[in-house]
Amino acid sequence: MSDEAHNPFRPIDAMLPHTQLEAETREFWREREIFRRSIEERPADAVFSFYEGPPTANGAPGVHHVLSRVFKDLFPRYQTMRGRRVPRKGGWDTHGLPVELEVERELGLSSKAEIEDYGIERFNQQCRESVMRYVEQWEDMTDRVAFWIDMSDAYRTYTPEYIESCWWIFKTLWDQDLIYEARRTTPHCPRCETSLSSHEVAQGYAEDTPDPSIWIRFRAHNDTLPSALRHTGPTDLLAWTTTPWTLPANSGLAVAADESYAAVQLPDGSRLLLAERLVERALGDIEGVRVAARVDGAKLEGVTYEGLYEPEQWGNSAWRFEGARLVECEDDELPARRVVTADFVSMEEGSGIVHIAPAFGEDDYLLGRDAGLLFRQPVDLRGLMTGDPSAGPSFVGKWVKDADADVIADLDSRGQLLRQQTIRHTYPFCWRCDTPLLYYAKPSWYIATSRLRDSLLDSNEHLIQWHPEHIRRGRYGDWLSNNVDWAISRERYWGTPLPFWRCESCGRTDCVGSFDELRRRAVGDPPDLSDPHRPVVDDVLIRCEACGGEARRIPEVADAWFDSGAMPYAQWHYPFENQELFAERFPADFICEAVDQTRGWFYSLHAEAVLLHNAEAVPEPTSFRHVLSLGHILDEQGEKMSKSRGNVVDPWSVLDAHGADALRWYCYVASPAGNPRRFSERLVGEAQRRFLHTLWNTYAFFVTYANIDGWRPGDRAVGAPLDLDRWILSELHALIERVTAALEAYDATDAARALERFVDALSNWYVRRSRRRFWSSARGGAAADRSAKAAAYETLYTVLTTLARLLAPMTPYLAEEIWRNLVAEQDADAAESVHLADWPTAEAAQIDERLNTEMALVQRVASLGRAARSNAGIKVRQPLAAVSVAVPTAADAAAVERHAETIADELNVKEVKLAEAGSDARRYTIKPNLRVLGPRLGPQLPALRGALSSLAPELAAHIVQVVETGQTVEIEGISLGSDDLLIESEAGGGADTASAEDESCSVSLDTRISEPLAHEGLAREVIHRVQSLRRDSGLHPADRIQLVLATDDAELGAALRAFESLVAAETLATRVAHDGAAHPHQAAASIEGAPLTLSLARA
RNA sequence: GGGCCAUUAGCUCAGCAGGUUAGAGCGCAGUCCUGAUAAGACUGAGGUCCCUGGUUCGAGUCCAGGAUGGCCCA
């Protein structure tokens, strides 16, 4: 045995010690600064730019965060090895409502009034601290999963520099006239006095919420009705609503233009107008209803009617639209309420006439704006009906939901109410305080992205590569083509302050584009902008350039998505600093996040680039070229992971149990990156066992035997490669090609699955088939053996060191371990780390397609042969005389002959024979080759198929013989050659054979066991027992032994004598005795029923 | 209500220029092999390829409609 000091390679454990290995590897990377060097040692003029989508560190990272980080890591590592310089600047998203809500919760605040009482300055200070609270956990996780990114130089969206870059963007867009203020309908919590994001709204839906359902009469002005509807009495327009409190804000009624409307006569003499299709549903329970006239909805447009309430009379204003602006009306200019057409009018419920209150619904607002209806908002942001209680109805001053009852009672008393019911439906509530939300139109600031819709679509189409591709035109493109202007203002505190100042004298609004500009224009002393957040910035007044008055900043802050979309510029404080860095890194070659960022970060990045490019402020209308959109992680049941469901998987438990490489490998191999994936720790463990463990075993095998033999990489000169060696190298280079192509296409799964197939073949075919070559040294061996052994070492070494590089981007720890032990610690000139090494190149000359095909056939034959043995119940240890193989082509037959030795060895048979084509010992099945004949024959095919399936066996054999000579046969009047037919054969099933076959290949074993074969079988059984005893006795594989085998059984004794040299050679016995003193390590065995005592000692 | 994705064995997933008997891994049962051994090989059981129509000589694969789940948006 070799002295450890002389081992060429560092000995390793047979089990993959992932925890220790990963910790040591991280330490090595840290000490030797491998990450920094992996960037700096690549040429500065070959930058591959990566942008980090900033996470928010106000919560602990989950396994879904691990998913995106391992994909973010994979491609930069790959590109580095391909020779690119890949700087990776980290970043943190720090602003926004989620941060504020967390702080509100901690401080026990629940309204804006309470926040302002607490103090905006203190509140924002809390936000600043809260947002980085989990940063250490994030950094630990990042380090542990080996996501290489520079955290020490991470950008943070709350820094003054970052905010100033955002101001520059606002100013640039402002100068292009792309920013405006307008009202928009938003879900609003009247208790918290804030808009809620759709995400928040989605959390708060309650089913089965009871609400009033009332049917109201609006008295039409007779002279405005179409002539078909005019008659002597009054006509009422029938509308339906579940929000009586919005009725005072009514300013129109909407109908469907292409529906028929009916005027119906009620028994009491009154007339109601409603959609004809809904008459039965709405009035079916009233006896004597009669349709008096019909008219198309379009004809109703312009009909005017009496209002139910005139809120102007108790102190509310009415407004009219001027484009998107609202202008307050003087009382005497109010136009009458009127009927308009709209495409959202439902024929599923209600009356087909919809009450329109533009202040309280998205549809209503847009319709009011486009049709020029009045805008009334007699409700304040606290949800109270506004106005002078002494001048108005009883509901004035009441909370809207309480006002409902007053409105209903009032309308009933005035005869305006047809009926009232209660319905149950799904309604949104504030997820924090359970207050019903109101849809409320209020002013917001917008970026006019819709004006650049064509540019957005164009750069999406031509400049961005989506992975998966379908998102380009699907989820993203489809949404983009319906792009609406971006609402960027939030009535909140912790965010980038919007740099818009409005003159308190003349109302002119101006945008400030830098801190310098603000200091210059400030009234009084230049302000300290070391923290430009609210409230500091709120206190800065500037001089109005139009009238010389004082302008005050509007109170809103920016949508946090705006911050994230600004990162290509703001991370460098561009354009105030780092112009060259910006130019070098813009746009990113690669970004990666989960699919929910499609309309989040992916959009904000894209939109800001297009907007800035439109202003000629950046060189391209995109800030990224390749975007990898990851599917979400679901739990084992396919449910989304969320805290409230309690099914969140903690990444640490997975990392501790299986290691980072296993988790990474699972992420890559389990399913395509874009698909949602069901996650379970069990599957990570499976990935580890199936792949990492197999590779580790192969690596451990190599190190063990190389150390025994003292083989070093420098010994390469000798050794003529066998077919087996050439084959695995051929497969290796085909693998390089495949993996390279897959990673170029951002397809990690294809790369990983190819690697998995290769490692399986390496372990279970190449190494298994090569084992004897590695052992041969232990027996001294001839020159030919030494050559074959050297070739095996050289080949396996090449394969493992190449695999280390192919795997480096995916399993960086394991790849590093293999590389360092096999390469870096051997050769001072080699790359110190695999992550500093170059990506391997596929050499076409090494790829031998024919050999690959042949070996696949040999493996199939071996597999079939084992199946045949299994069918016959004959174990592989029992040698057999012959196997007969039938294959379809001459090339296949030649392959079987060429590799007969391998097949014989695999199947433990003495001889491999080829079955004769057409021999009557075989049965043939002939089928039409559908792929060829389908297009040619079409409808004739079924008849031919029937004829072929019912051929007599002799005729089938005859046809086979004919077509094999290249001639054609005629069946059902159709001339058929060998290409038109698929021929399958199976063994005739002789008494002494066992066979197995697949579609084209048949293997038949001679099952007759002669006495010598039986004896050899017994001898092999004994060898097996001796080997077990060697191992149980703790002997090293290379130890020589002395052996005593004693038996009373004549048959077994004869077998042992006949095969004594085989037994000795296989067990490394220098001496085999059949009696005499027993050695220290002993065992008793029963060999096919014959008793055997065996004992051995180290020689 | 709209868009996108998915639906194939008990579980996780392949397959799809339309082609004959739909595969792999895990799990289960059995057998074998073992000088990589907490591995490995073979066999078996296990499928209305979500449903309904259509195109076609032929559909898991293409088309239409629907169902269920996931995501995004109203």
Side-chain angles (χ1 to χ4, degrees), chain A residues 14-15 198-199 201-202 344 346 348 362-363 468 470-471 473-479 481-482 594-600 629 631-632 634 636-640 666 669-672 674-680 682-683 685-687 689-691 693-694 696-702 704-705 749 753 756-757 760 763-764 767-768 771-772 774-775 778 862-871 873-877 906 908 925 927-945 949 982 984 996 998-999 1024 1027-1028 1030-1031 1035-1039 1066-1068:
Chain A
M15 286 303 296
S198 58
H199 167 76
V201 175
F344 57 77
S346 167
E348 305 298 314
E362 180 76 28
D363 285 338
H470 62 75
I471 294 182
R473 291 190 185 159
R475 176 180 286 237
Y476 189 60
D478 177 73
W479 174 76
S481 60
N482 295 307
V595 65
D596 57 306
Q597 296 297 328
T598 303
R599 295 165 192 187
S629 167
H632 280 121
L634 311 174
E636 276 187 290
Q637 276 70 48
E639 299 271 343
K640 183 188 177 182
Y666 166 78
V669 83
S671 63
N675 289 7
R677 62 189 67 219
R678 298 191 182 199
F679 182 89
S680 77
R682 186 177 57 80
L683 292 170
E686 187 185 313
R689 277 193 304 278
R690 190 167 77 226
F691 179 71
H693 196 114
T694 306
W696 183 264
N697 275 337
T698 306
Y699 164 60
F701 175 90
F702 173 83
T704 303
Y705 283 97
T749 305
R753 287 178 177 167
E756 210 165 77
R757 282 192 299 274
D760 185 64
S763 169
N764 291 322
V767 172
R768 188 165 60 76
R771 273 189 299 215
R772 286 186 174 268
F774 290 101
W775 304 336
S863 173
L864 289 169
R866 281 191 292 266
R869 273 185 173 274
S870 177
N871 292 341
I874 303 174
K875 51 179 71 170
V876 179
R877 251 196 312 258
E906 274 293 302
N908 196 15
T925 312
K927 292 179 176 175
N929 187 347
L930 296 175
R931 222 184 265 268
V932 175
L933 294 177
R936 190 175 124 201
L937 300 178
Q940 289 175 276
L941 205 47
L944 175 65
R945 223 165 156 174
S949 69
L982 297 174
E984 292 168 21
D998 60 18
E999 308 81 53
H1024 169 54
Q1027 303 293 24
S1028 299
R1030 278 182 65 110
R1031 192 175 70 244
L1035 270 67
H1036 188 273
D1039 286 342
E1066 289 293 313
T1067 60
L1068 301 186

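Everything numeric here is computed off the predicted structure, so don't read it as measured data. Each chain gets a letter, A, B and so on, in the order its sequence line appears, and its residues count up from 1.
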Look only at the side chain of [X] and the backbone of [Y], and say whether a donor-acceptor pair between them is shorter than 3.5 Å.
| X | Y | answer |
| --- | --- | --- |
| A:R1030 | A:T1067 | yes |
| A:R473 | A:D478 | no |
| A:S763 | A:D760 | no |

Judged by each residue's nearest nucleotide on RNA chain B, which is more toward the 5′ side, A:T598 or A:R689? A:R689
Choosing from [options], which nucleotide comes nearest the side chain of [X]?
| X | options | value |
| --- | --- | --- |
| A:V767 | B:rA36, B:rU20, B:rU12 | B:rA36 |
| A:P672 | B:rA14, B:rA36, B:rU20 | B:rA14 |
| A:S763 | B:rC26, B:rA14, B:rA36 | B:rA36 |
| A:E686 | B:rA41, B:rA36, B:rG25 | B:rG25 |
| A:N697 | B:rA39, B:rA14, B:rC71 | B:rA39 |
| A:H470 | B:rU12, B:rG35, B:rC5 | B:rC5 |
| A:V595 | B:rC71, B:rA41, B:rA39 | B:rC71 |

[N] versus [M] - spacing of their [atom1] atoms, nearest Å:
| N | M | atom1 | value |
| --- | --- | --- | --- |
| B:rA39 | B:rC28 | P | 12 Å |
| B:rA14 | B:rU7 | C1' | 15 Å |
| B:rA9 | B:rA29 | C1' | 16 Å |
| B:rG60 | B:rC51 | C1' | 14 Å |
| B:rC26 | B:rG65 | P | 41 Å |
| B:rC33 | B:rG70 | C1' | 45 Å |
| B:rU52 | B:rU68 | P | 16 Å |
| B:rC63 | B:rG46 | P | 33 Å |

Send over the distance from [X] [atom1] to [N] [atom2], rounded to a whole Å.
| X | N | atom1 | atom2 | value |
| --- | --- | --- | --- | --- |
| A:W696 | B:rA39 | CH2 | P | 17 Å |
| A:F774 | B:rA36 | CZ | P | 12 Å |
| A:Q597 | B:rC71 | CD | C1' | 13 Å |
| A:R690 | B:rC13 | CZ | P | 12 Å |
| A:D478 | B:rG3 | CG | P | 8 Å |
| A:W479 | B:rC71 | CH2 | C1' | 15 Å |
| A:H693 | B:rG25 | NE2 | P | 18 Å |
| A:R869 | B:rU43 | CZ | P | 14 Å |

Presence of donor-acceptor pair under 3.5 Å, side chain of A:R475 and base of B:rC71: yes
Pairing of RNA chain B as dot-bracket, 5' to 3': ( ) intra-strand, [ ] crossing, | other strand, . unpaired, with Watson-Crick or G-U pairs under 3.5 Å? (((((((..((((.....[...)))).(((((.......))))).....(((((..]....)))))))))))).
Which part of the nucleic acid, if any, lies within contact of A:A670, taking any heavy atom under 4.0 Å across all strands shown: a base, the sugar-phosphate backbone alone, or nothing? sugar-phosphate
B:rA41 OP1/OP2 closer than 4.0 Å to side-chain N/O of A:S863: no
For a quick test of reading the model: is some side-chain N or O of A:N675 closer than 4.0 Å to OP1 or OP2 of B:rA14? yes
Describe, in one word, how the ring planes of A:Y699 and A:W696 are oriented to each other, choosing from parallel (under 30°), tilted (30 to 60°) and perpendicular (over 60°). perpendicular
Report yes if the distance between the aromatic ring centroids of A:F701 and A:F774 is under 6.0 Å, otherwise no. yes
